[in-house]
**Q** 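The following block contains the structure, expressed as structure tokens.
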Amino acid sequence: TDTLIIDNSLPLLTLSYENLTQPNLINLGKAGDSIRVTAAFNDSITIPPTLDVQYADSTYDSMEGIPYISNSNGDSTWIFGFTIASGDSNSGIVTVSVNAQDKTGNPLTNANTTNRTLLRVDNIPPYFTSMIPDTGGYVNHTQLGYTIEETFSNRLESAIITWSPLPSGIPINSTLV
């Protein structure tokens, strides 16, 4: 006997991200970093899916229709890749969408996609908001002060500051961790 199976269930998708340029960064990258996106479906996807990447504040650098690099697990896992665009306006949360349908033609919806907004871009370098002594000033003691502002992620893991003594101008390098 023949059996007919009716599949009205929409496919489900979980996205994960890997920074290939800076593997120590989790779900975070900056301009020029290569990002691998893994799309793990709960069902086989027979028509190759494509990936769309929408940066936080930019429509100019967003990408649509990125083709897959490889697939596995009976066509339920698909790998994509892209390079993060430069520009401060691209900093923030990235929204990723996948265009796909399962083997019976049920479309993937954004509501059925997990981790669409997990990837963050930080293209804004940290900067000093205050220094004591200020530019052109000097002190004759070891009490120095500074404030570093890290706009996006609010954390600075390390910094290198060059102090120049007067009048010789020979730089003194200090690593701050």
Side-chain angles (χ1 to χ4, degrees), residues 1-127 148-159 177:
T1 65
D2 291 333
T3 303
L4 175 64
I5 298 174
I6 298 174
D7 179 3
N8 291 337
S9 300
L10 296 177
L12 303 175
L13 171 63
T14 300
L15 295 170
S16 60
Y17 309 93
E18 181 182 0
N19 187 326
L20 300 177
T21 308
Q22 300 185 74
N24 59 315
L25 298 180
I26 308 299
N27 300 321
L28 179 65
K30 67 175 184 142
D33 286 356
S34 293
I35 303 297
R36 176 187 293 155
V37 180
T38 301
F41 291 89
N42 70 328
D43 198 357
S44 294
I45 304 297
T46 53
I47 298 172
T50 59
L51 186 77
D52 297 342
V53 174
Q54 176 70 44
Y55 290 103
D57 235 1
S58 171
T59 56
Y60 301 111
D61 295 319
S62 296
M63 299 167 274
E64 294 182 349
I66 299 170
Y68 74 98
I69 296 170
S70 65
N71 65 323
S72 61
N73 297 330
D75 293 335
S76 66
T77 301
W78 298 77
I79 305 295
F80 300 88
F82 69 96
T83 300
I84 294 177
S86 62
D88 291 357
S89 64
N90 292 327
S91 290
I93 302 297
V94 175
T95 302
V96 175
S97 302
V98 176
N99 307 300
Q101 59 186 20
D102 67 14
K103 60 187 171 222
T104 59
N106 295 314
L108 175 68
T109 64
N110 288 334
N112 288 353
T113 304
T114 304
N115 297 336
R116 289 186 64 225
T117 58
L118 192 60
L119 180 63
R120 296 178 302 139
V121 170
D122 184 0
N123 285 344
I124 301 171
Y127 56 91
I148 299 175
E149 180 72 26
E150 171 59 277
T151 304
F152 183 71
S153 65
N154 291 325
R155 64 186 177 118
L156 184 65
E157 294 181 9
S158 66
V177 180

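This one's a predicted model, so the numbers in the text were calculated from it and none came from an experiment. Heavy atoms only: backbone and side chains are in, while hydrogens, waters and symmetry mates are out.
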**Q** Between T113 and V98, is any pair of side-chain heavy atoms under 4.5 Å apart?
**A**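 In short, these two side chains do not touch, never coming nearer than 4.5 Å.
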**Q** How many angstroms lie between CE in M63 and OG1 in T83, if you round to the nearest 0.5 Å?
**A** 7.5 Å
**Q** Would you mind reporting whether D7 and N106 have side-chain heavy atoms less than 4.5 Å apart?
**A**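 The answer is yes; the side chains approach within 4.5 Å.
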**Q** Treating T21 as the side-chain partner and S34 as the backbone partner, does any N or O pair qualify as donor plus acceptor under 3.5 Å?
**A** yes
**Q** Does E64, at its CD atom, have more than 12 non-hydrogen atoms belonging to other residues, nucleotides or ligands within less than 6.0 Å?
**A** no
**Q** Could you give the distance from OG1 (T104) to CD1 (I6), rounded to the nearest 0.5 Å?
**A** 10.5 Å
**Q** State whether the number of non-hydrogen atoms from other residues, nucleotides or ligands found under 6.0 Å of L20 atom CG is greater than 12.
**A**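 Atom CG in L20 is packed in, count exceeds 12.
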**Q** Shortest non-hydrogen contact from S86 to D61?
**A** O-OD2, 3.7 Å
**Q** Going by the side chain to side chain contact (heavy atoms under 4.5 Å, CB included) test, name the single residue among L119, V94, T95 that passes it with V53.
**A**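 The option that passes is V94.
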**Q** Looking at I69 and F80, what are the two nearest heavy atoms and their distance?
**A** CD1-C, 3.6 Å
**Q** Nearest heavy-atom pair of A56 and S91: which atoms, and what distance?
**A** CB-O, 3.2 Å
**Q** Under the side-chain contact (heavy atoms from CB on, under 4.5 Å) rule, what do Q101 and I47 come out as? Steps first, then yes or no, please.
**A** CA-CA 7 Å; Q101 59 186 20; I47 298 172; 3.0 Å; yes
**Q** Show your reasoning for whether side-chain contact (heavy atoms from CB on, under 4.5 Å) applies to L118 and L15.
**A** CA-CA 9 Å; L118 192 60; L15 295 170; over 6 Å; no
**Q** May I ask you to decide if P11's main-chain N or O and D43's side chain share a donor-acceptor pair within less than 3.5 Å?
**A** no
**Q** Would you say D75's side chain and S44's backbone share a donor-acceptor pair under 3.5 angstrom?
**A**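 Side chain of D75 to backbone of S44: no pair is present.
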**Q** Is there a side-chain hydrogen bond (donor to acceptor under 3.5 Å, both in side chains) between N19 and D33? Walk through the geometry before answering.
**A** CA-CA 7 Å; N19 187 326; D33 286 356; 2.9 Å; yes
**Q** If we ignore hydrogens and angles and just use 3.5 Å, is the side chain of Y55 paired with the main-chain N or O of A85 as donor and acceptor?
**A**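 Answer holds: yes.
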**Q** Not counting sequence neighbours, which residues clear side chain to side chain donor-acceptor pair (under 3.5 Å) with N73? List them please.
**A**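 Applying side chain to side chain donor-acceptor pair (under 3.5 Å) to N73 gives T77.
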**Q** Between CG of D88 and CG of D122, what distance do you get to the nearest 0.5 Å?
**A** 9.5 Å
**Q** Distance-only, no hydrogens or angles: does the S70 side chain make a donor-acceptor pair with backbone N or O of I79 under 3.5 Å?
**A** no
**Q** Run N115 and S16 through side-chain contact (heavy atoms from CB on, under 4.5 Å) and show every step you take.
**A** CA-CA 7 Å; N115 297 336; S16 60; 5.5 Å; no
**Q** Ignoring hydrogens and angles, tell me if any N or O in the side chain of R116 forms a donor-acceptor pair with the backbone of V96 under 3.5 Å.
**A** yes
**Q** Check for a donor-acceptor pair, side chain of D52 on one end and backbone N or O of S62 on the other, with a separation under 3.5 Å.
**A** no
**Q** Heavy-atom distance under 4.5 Å between the side chains of F41 and L108, does that happen here?
**A** yes
**Q** Go through the structure and list residues passing side chain to side chain donor-acceptor pair (under 3.5 Å) with S76, not counting sequence neighbours.
**A** none
**Q** Could you work out, with ring-ring contact (aromatic ring centres under 6.0 Å, His included) as the rule, every residue matching Y68, not counting sequence neighbours?
**A** W78
**Q** Hey, mind stepping through T50 and N99 against side-chain hydrogen bond (donor to acceptor under 3.5 Å, both in side chains) and telling me if it holds?
**A** CA-CA 5 Å; T50 59; N99 307 300; 2.9 Å; yes
**Q** For side-chain contact (heavy atoms from CB on, under 4.5 Å), just list the numbers for N90 and I84, CA-CA rounded to whole Å, side-chain angles, deciding distance to a tenth of an Å, and then say yes or no.
**A** CA-CA 9 Å; N90 292 327; I84 294 177; 5.9 Å; no
**Q** Could you tell me which non-hydrogen atom of S9 sits nearest to which non-hydrogen atom of D102, and how far apart they are?
**A** O-OD2, 3.4 Å
